[in-house]
Amino acid sequence: MTSIRIGIVGYGNLGRGVEIAVSLQEDMELVGVFTRRDPAAVNTVHERTPVHPMDALEQLQGELDVLVLCGGSKTDLPEQTPLLAERFTVVDSFDTHARIPEHFAAVDAAARSAGTTALISTGWDPGLFSINRVYGESILPAGSTYTFWGRGLSQGHSDALRRIDGVAAAVQYTIPSQEAIDRVRAGERPELSNRDKHTRECFVVLEDGADAEAVRQEIVTMPHYFEPFETSVTFLSAEELAQDHQSMPHGGFVIRSAESSPGTTQTIEYRLQEDSNPEFTASVVVAYARAAARMAAEGQHGARTPFDVAPGLLSPKSPEQLRAELL
Ligand code: NDP
């Protein structure tokens, strides 16, 4: 079996998770990490992992099959995914749901004209949860789909907080409403707004001299991220953040509740419980890197999402093996 040669672009929580996840895949090898920072300042999980400046991508192009893009969705990926899709097969985990159509269009244009394959918005939401929403709607058309997140730390939302002027460090937790989950599981099919289903809790360390009220306002009015939710903001010290907010658990449920005939309720529930959101997301993204390598080899050019990827393409097993073992 020839190895799929992976490069990690951007080394934060997700990049670290991808480094670990690639080491668990027998048909993959990690060529290195590529960062915008001084490579000497980046400490990888495995000492042996090479760290390169971003411009080394050009020299190493012939040694890379897939780039796994691990930048933030707010500002990094809108720039990096289309740019790198001009030269590489790429996978990202872009998770600003409302902006996926415009991100797709930008990446698709770049990948089509370059003749590359770009898989966007892999991960768990978007990603595995999205696939389950499609299954639910397609199989049980007469019903409703509910997505609940948490309790968990959202990397995308924490990243958005950290990019605000005056914020030194921050984390954000998403809390699902147990009452709402119970009503959905009971087959009530209630109409629930975002506000009914979740609240968002932000814990923020301010930079010296920052205006707390201005930061709070910028958070609670941020479109897509916080404005549609009941959002609380708590300011705390760097020491408190380090002591009480280090782990990154997450998870959630996608529930489809429907009737197949009057009075006959059918429910599909898909649940994830993650001790580490970045390590779980990275595991998903890495499986999609395998699919991207295969789709590129088949000449499927342009942008794709998890909806376009057949499940067998994620597996290192052959179609024959999959039919014999898992069908
Ligand atoms: P981070 O903030 O940890 O990293 C984002 C980028 O910031 C990195 O690629 C890195 O780029 C840079 N960076 C990291 N650490 C530092 C540092 N100490 N100083 C300066 N720059 C740094 O984000 P995460 O890895 O937690 O999350 C990345 C994205 O993953 C999120 O924005 C979200 O979009 C996505 N995600 C998607 C999910 C899904 O289900 N689809 C689920 C979870 C996350 P560089 O090395 O070039 O400096």
Side-chain angles (χ1 to χ4, degrees), residues 7-21 32-45 49-57 67-81 83-84 90-100 103-104 119-133 147 149-150 152-164 167-174 224-225 238 242 245-252 254 270 272 274 276-289 305-307:
I8 297 174
V9 174
Y11 195 80
N13 300 309
L14 185 62
R16 186 173 278 267
V18 169
E19 184 189 4
I20 298 168
V33 165
F34 298 84
T35 179
R36 293 163 296 185
R37 285 167 286 157
D38 173 4
V42 173
N43 294 312
T44 52
V45 175
T49 301
V51 183
H52 305 282
M54 208 64 103
D55 55 19
L57 276 171
L67 291 184
V68 180
L69 309 187
C70 299
S73 290
K74 193 154 167 53
T75 53
D76 297 337
L77 297 176
E79 198 180 299
Q80 291 179 335
T81 311
L83 195 69
L84 292 167
V90 299
V91 181
D92 79 17
S93 68
F94 184 79
D95 72 351
T96 314
H97 291 260
R99 295 234 154 98
I100 289 174
H103 185 60
F104 182 93
L119 249 177
I120 66 153
S121 298
T122 69
W124 60 279
D125 200 355
L128 301 180
F129 273 14
S130 323
I131 293 169
N132 279 276
R133 288 188 283 263
T147 303
W149 301 284
L153 187 143
S154 160
Q155 286 182 78
H157 287 76
S158 300
D159 186 42
L161 289 176
R162 290 193 289 265
R163 310 252 164 158
I164 293 173
V167 171
V171 294
Q172 192 267 182
Y173 298 97
T174 305
H224 312 309
Y225 280 79
H245 301 278
Q246 277 314 293
S247 64
M248 292 191 231
H250 218 317
V254 174
Y270 181 76
L272 294 175
E274 307 159 11
S276 162
N277 180 5
E279 287 187 22
F280 183 80
T281 305
S283 304
V284 180
V285 172
V286 164
Y288 276 93
T305 75
F307 295 152

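Order of listing sets the numbers, starting from 1, for every ligand and every atom in it.
Every atom of ligand 1 with a heavy atom of Asp76 under 4.0 Å away is listed here by number and element: 6 (C).
For the pair Arg36 and ligand 1, the shortest N or O to N or O distance falls below 3.5 Å. Among the atoms of Gly156, none of the N or O lies under 3.5 angstrom from an N or O of ligand 1. Residue Phe34 has no N or O atom closer than 3.5 Å to an N or O atom of ligand 1. For Asn277, no nitrogen or oxygen atom sits less than 3.5 Å from a nitrogen or oxygen atom of ligand 1, counting backbone and side chain alike. Not one N or O of Gly72 is nearer than 3.5 Å to an N or O of ligand 1, by distance alone.
Selection from Ser130, Gly71, Gly12 by nearest heavy atom to atom 28 (C) of ligand 1 gives Gly71. Comparing heavy-atom distances from atom 21 (N) of ligand 1 across Arg37, Lys74, His157, Met54 singles out Arg37 as nearest.
Rounded to the nearest 0.5 angstrom, Asp92 CG and His103 NE2 are separated by 4.0 Å.
When non-hydrogen atoms are compared, ligand 1 lies under 4.0 Å from the backbone of Pro126 as well as from its side chain. Of all the heavy atoms of Asp159, the ones lying under 4.0 Å from any atom of ligand 1 belong exclusively to the side chain.
Ligand 1 is approached by Arg162 to a heavy-atom distance shorter than 4.0 Å. In this structure, Gly127 falls outside the shell of residues with a heavy atom less than 4.0 angstrom from ligand 1. Ligand 1 has no atom lying under 4.0 Å from any heavy atom of Val285. A heavy-atom separation below 4.0 Å is not found between Pro278 and ligand 1.
Partners of Phe104 under the ring pair (Phe, Tyr, Trp, His ring centres under 6.0 Å) rule, at least two apart in sequence or in another chain, do not exist in this structure.
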